[in-house]
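Have a look at the structure below before the remarks.
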Amino acid sequence: MTEAKLEALLKESRSFPPSAAFAANANAQPSIYAEAAADPQAWWRTQADRLTWEHAPTTTLEWDLPFAKWFSDGTINASVNCLDRHVAAGKGDKVAYYWVSDIEGESRTITYRELLAMVAKAANAFTELGVKRGDRVAVYLPMIPETVVTMLAIARIGAIHSVVFAGFSADALSSRILDSDCQYVVTADAAMRRGTPSPLKPAVDEALQSCPNVKTVVVVKRTGADINWVEGRDHWWDDVMAPQSDQHTPEFFPAEQTLLIMYTSGTTAKPKGIFHTTGGYLTHCAATYHYIFDHKVDTDIMWTAADIGWITGHSYIVYGPLVAGATQVMYEGLPDSGGRDRWWKIIEEFKVTKLYTAPTTIRTLMKWGDDLPASHDLSSLVLLGTVGEPINPEAWMWYRKNVGRDNCPIVDTWWQTETGGIMVTPLPGITATKPGAAMTPFPGISVDVVDNEGHSVGNGEGGYLVVTAPWPGMTRGIYGDPERFKATYWERFPGMYFAGDGAKRDPDGDIWLLGRIDDVMNISGHRLSTTEVEHALVGHPMVAEAAVVGASDETTGQAIVAFVTLKLSAEQATQDQAPLIEELRQHVAKTISPIAKPRQIILTPDLPKTRSGKIMRRLLRDVAEHRTLGDVTTLTDPTVVNMIAGLLETNGSED
Ligand code: WT7
């Protein structure tokens, strides 16, 4: 973030208190902060009572920095908490999901009773296929009800789901399968995107060529697309479900049993398998869902417009809302599947009361014009949320005015894959929100902004966001790599969890997030490491060296700009750069995912390096963002950056 933007943010003085009516009926009342602060562990223990335990925990926190255990003598089953207990309480006919297809006019209504029956069958089927407690199952599925069923069935039998975003490539999928040694994969023939099948099964087939331990693949038929079939390994979902009983007696597991793995990018090329356990994670999801989204069980229609392939989907499409017995919309498609007013149609048709999405989507909807939301009845909405990256005040104000009709509190929620649930956020009935600020730690959460030495900064000052006390939803580590877990999060500031984000306290002490401070980019709310993209580029036979930076982008927050030097032979053979640049962009899309495709690739004979050979990405970021260059005196050849800046002006390819 540039100084100018930062200054602009800090001049932001608008503030929006909730209406008196909202405040009076809110789940969280002002006393909540003091209640939690008086004894955070005891407060979290009371939040754990939102769950149904077989044996209620008598312990709260055991802390051996950086390894936490929460509620460790409790026994619990995640799927029972999401389903059985609601059905047992007479809520079986309540709608769990209105599933809305990519294709307009298609939808499915699934009640809690129906969802439980589907999950019971799937639990029986997976057991028959050999899945046992502790096994890892890779889930590579689009936004369809079977994805939720799969996750809950895996959880129900004590296995571990590792959901891989269906937009990831075969290479990305295989490395994730191998890292946690998944022996089962659940996928679909294809995903439906704007009415056209977008194949998934071929990526699984390709990935499994390097994953000999996967002996079983279950395939949901979503589109009927033609697929390759490996006899003995592949099973149709419908075939394995059909013979199963819809009754399944669950076992209960220790609270600290691993529930899920979710891969996320760090500063190296190797993604981190962040794992979460059961009791603490569910407690965090349940408490944050209740207070931040102000859940009203009888009237709410929640729509978290995120993909289940990311942590937002896990915590606020699956576990948080289902534990609360919520009714939700789950949407399969893109924001413009069937037209650019598709979202507003969905809100109108299903009378959505709470909408939770990402700034990049808000900016896209904003670009499509005010008349689209204006021509639909959005009066059912009572609360709006945002997550994934800092939201610029213009987008925040647009969201408030055009979607919320100046009438809905906006919760700007800061958290991470690692934190499991929301950490810094307004509370909708209490906080006077400021456009662009995540505001205050959630009750029971201790967050600080510190300087280089780890000292708290004063109001009006910037620094690094840290978490200073363990919390229930915190990751229990990086799968198979406790040393990396310590080094990445706990060594920069001893005793504190280092999130990797810059932050500022405003004169009132409220927190504003300022983006990543490491080599992690945030593209449309998706985390990608510069190194990961560099590795992909260098993997191309013509590339000698690559440096990748995230440059600010109006729609996606950041966009990838790559500076690439070619091997001498390739340089000589390349007359026309455009086809090669396109080939390199496709190569990255294939190696990682289309979301990792660079916006621009600059072919340059040289990269700016220090005398010790380190590429100065900071300078390249200045170049990519068209800024005056910072200090170049440590470079071996200070003229290189100006030369690259010239190249960017003349032949940088922009979409
Ligand atoms: C990174 C975590 C948590 C689910 C989505 C992303 C950025 C997230 C905000 C926000 C400013 C935010 C941070 C964080 N981020 N929410 N409200 N304001 N920045 O999960 O992929 O684990 O990424 O997203 O940089 O570190 P993730």
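When reading the values below, keep in mind they use all heavy atoms of this one structure, side chains included, and skip hydrogens, waters and symmetry mates. Just so it is clear, the structure is predicted and the values come from calculations on it, not from any experiment. In each ligand, atom 1 is the first atom listed, and ligand 1 is the first ligand listed.
A distance limit of 4.0 angstrom between heavy atoms and ligand 1 selects the residues Ile311, Thr312, Val387, Gly388, Glu389, Pro390, Asp412, Thr413, Trp414, Trp415, Gln416, Thr417, Asp501, Leu513, Arg516, Asn522, Arg527.
Under the rule for a side-chain hydrogen bond (donor to acceptor under 3.5 Å, both in side chains), the partners of Gln416 that lie at least two apart in sequence or sit in another chain are Tyr497. With sequence neighbours left out, Thr150 forms a side chain to side chain contact (heavy atoms under 4.5 Å, CB included) with Phe126, Val139, Leu141, Ile154, Val186, Trp237. For Trp63, the ring-ring contact (aromatic ring centres under 6.0 Å, His included) test picks out Trp490, with sequence neighbours left out.
The six-membered or imidazole ring of Tyr140 lies away from that of Phe168, with a centre-to-centre distance of 6.0 Å or more.
Considering Thr277, Val137, Leu259, Thr258 as possible partners of Ile160, the one that fulfils the side chain to side chain contact (heavy atoms under 4.5 Å, CB included) test is Thr258.
Using a distance-only test at 3.5 Å, with no hydrogens or angles considered, no donor-acceptor pair links the side chain of Ser198 to the main chain of Arg193.
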